[in-house]
Amino acid sequence: MSSTPTSPAFDDLAPETALNIPEGFRAVKVGGHFIAHNGPLYGKWDGKRLQIGFRVEERHTNPLKICHGGMMATFADMLIPCAAMYQFEMERRFLPTISLQMDYMGASPLGAWVQGEGDVLKTTRNMLFGQGLVTADGLPVLRVSGIFKMGQLIGDGKAHDPLGLK
């Protein structure tokens, strides 16, 4: 008999469901140690739109086995700056969050594929305004908008494929 503890809810998922990442998505490193610990996150660039996603794992869930609102907020906070890196011509900068508004529209259950796309709406000399939509298994679950400070350059500011997706 194995002494390794297991999670019944996670064990109910077929192995391919727990590991199944949609075609074209690759693991990305973004946001430092906090995101690395809470991820993994996956990205896909189709030449026009950046998509970021993750599979809801047991560690992402609340006691009801749905993705914790804090994980969704963390994901939303990364979504718009990541989209800005790819979809908007600008120097690569650190974009600290000034304001983030979220409307939770549905649940993302254990095993769901959560995916988001963001858009830059406007930039000024000091700020970037953006919005995004997040889905779980194709259904809308979160709407987000945010304001980000145009922070310091990252490196020389010329890294136009920081996630290695092109």
Side-chain angles (χ1 to χ4, degrees), residues 18-61 67-105 108 111-166:
L19 302 174
N20 184 22
I21 304 305
E23 186 176 336
F25 280 85
R26 295 190 299 214
V28 295
K29 291 183 181 180
V30 62
H33 296 291
F34 181 79
I35 298 300
H37 178 75
N38 287 287
L41 297 181
Y42 298 85
K44 178 180 175 182
W45 173 247
D46 69 6
K48 294 181 182 176
R49 308 273 310 159
L50 176 71
Q51 298 171 335
I52 301 287
F54 71 98
R55 179 74 60 194
V56 178
E57 298 177 19
E58 179 88 23
R59 64 198 176 101
H60 299 135
T61 64
C67 191
H68 191 284
M71 178 61 190
M72 294 298 283
T74 297
F75 180 72
D77 193 39
M78 297 303 302
L79 181 61
I80 297 166
C82 285
M85 289 189 284
Y86 280 81
Q87 294 168 206
F88 191 73
E89 293 297 320
M90 62 181 272
E91 295 175 307
R92 178 141 186 253
R93 295 184 170 276
F94 181 58
L95 298 170
T97 307
I98 294 173
S99 176
L100 194 68
Q101 299 81 42
M102 292 172 293
D103 297 312
Y104 294 93
M105 299 184 291
S108 304
W113 174 253
V114 174
Q115 180 175 311
E117 291 185 5
D119 291 299
V120 174
L121 300 175
K122 179 181 179 173
T123 61
T124 67
R125 188 171 63 83
N126 295 315
M127 293 184 283
L128 181 142
F129 298 80
Q131 66 182 6
L133 181 65
V134 178
T135 61
D137 292 335
L139 299 174
V141 293
L142 181 74
R143 177 176 57 185
V144 60
S145 63
I147 304 169
F148 301 85
K149 179 175 177 33
M150 292 286 203
Q152 68 187 40
L153 288 177
I154 297 176
D156 65 4
K158 296 181 182 179
H160 295 291
D161 186 18
L163 304 178
L165 298 172
K166 291 183 178 177

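Keep in mind that the numbers below use all heavy atoms, side chains included, and drop hydrogens, waters and symmetry copies.
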Write out all pairs satisfying side-chain hydrogen bond (donor to acceptor under 3.5 Å, both in side chains) with one or both partners inside residues 129-140, taking only residues at least two apart or from two chains.
none
side-chain hydrogen bond (donor to acceptor under 3.5 Å, both in side chains) pairs touching residues 141-157, sequence neighbours excluded, are Gln101-Ser145, Asp103-Arg143
Derivation of the side-chain contact (heavy atoms from CB on, under 4.5 Å) call for Val134 and Met72
CA-CA 9 Å; Val134 178; Met72 294 298 283; 3.9 Å; yes
At their closest point, which heavy atom of [X] faces which heavy atom of [Y], and how far apart are they?
X	Y	answer
Leu95	Ala84	CD1-CB, 4.2 Å
Ala73	Leu100	O-CD2, 4.1 Å
Met150	Met127	CG-N, 3.6 Å

Among all residues two or more places apart in sequence or in another chain, which pass the side-chain contact (heavy atoms from CB on, under 4.5 Å) test with [X]?
X	answer
Ala83	Gln87
Ala76	Met102, Leu142, Val144
Leu133	Met105, Pro140

Got a list of side-chain donor-acceptor pairs under 3.5 Å for residues 34-43, not counting sequence neighbours?
{"from": "Asn38", "atom 1": "ND2", "to": "Phe34", "atom 2": "O", "distance (Å)": "2.8"}

Beyond-backbone contact of Cys67 with Phe75, side-chain heavy atoms, under 4.5 angstrom
no
Side-chain heavy-atom pair Leu165, Met85 within 4.5 angstrom cut-off:
no
side-chain hydrogen bond (donor to acceptor under 3.5 Å, both in side chains) against [X], all qualifying residues, sequence neighbours excluded:
X	answer
Gln51	Glu117
Thr123	none
Arg92	none

Salt bridge (Lys or Arg N to Asp or Glu O under 4.0 Å) contacts touching residues 118-130 (sequence neighbours left out)
Arg49-Asp119
For Asp77, which residues count as a salt bridge (charged side-chain N to carboxylate O under 4.0 Å, His left out) partner, sequence neighbours excluded?
none
Tell me if the NZ atom of Lys166 is crowded by more than 12 foreign heavy atoms within 6.0 Å.
yes
Heavy-atom donor-acceptor pair, Tyr86 side chain to Leu163 backbone, under 3.5 Å:
yes
Distance col, row Met71:CE vs Ser108:OG, nearest 0.5 angstrom, shows 10.0 Å
Working to the nearest 0.5 Å, report the span between CG of Asn126 and CD1 of Ile147.
12.5 Å
Residues pairing under ring pair (Phe, Tyr, Trp, His ring centres under 6.0 Å) where one sits in residues 112-149, two or more places apart or in two chains, turn out to be Phe25-Trp113
What do the steps show when you test Ile80 against Leu128 for side-chain contact (heavy atoms from CB on, under 4.5 Å), and what is the final call?
CA-CA 9 Å; Ile80 297 166; Leu128 181 142; 4.0 Å; yes
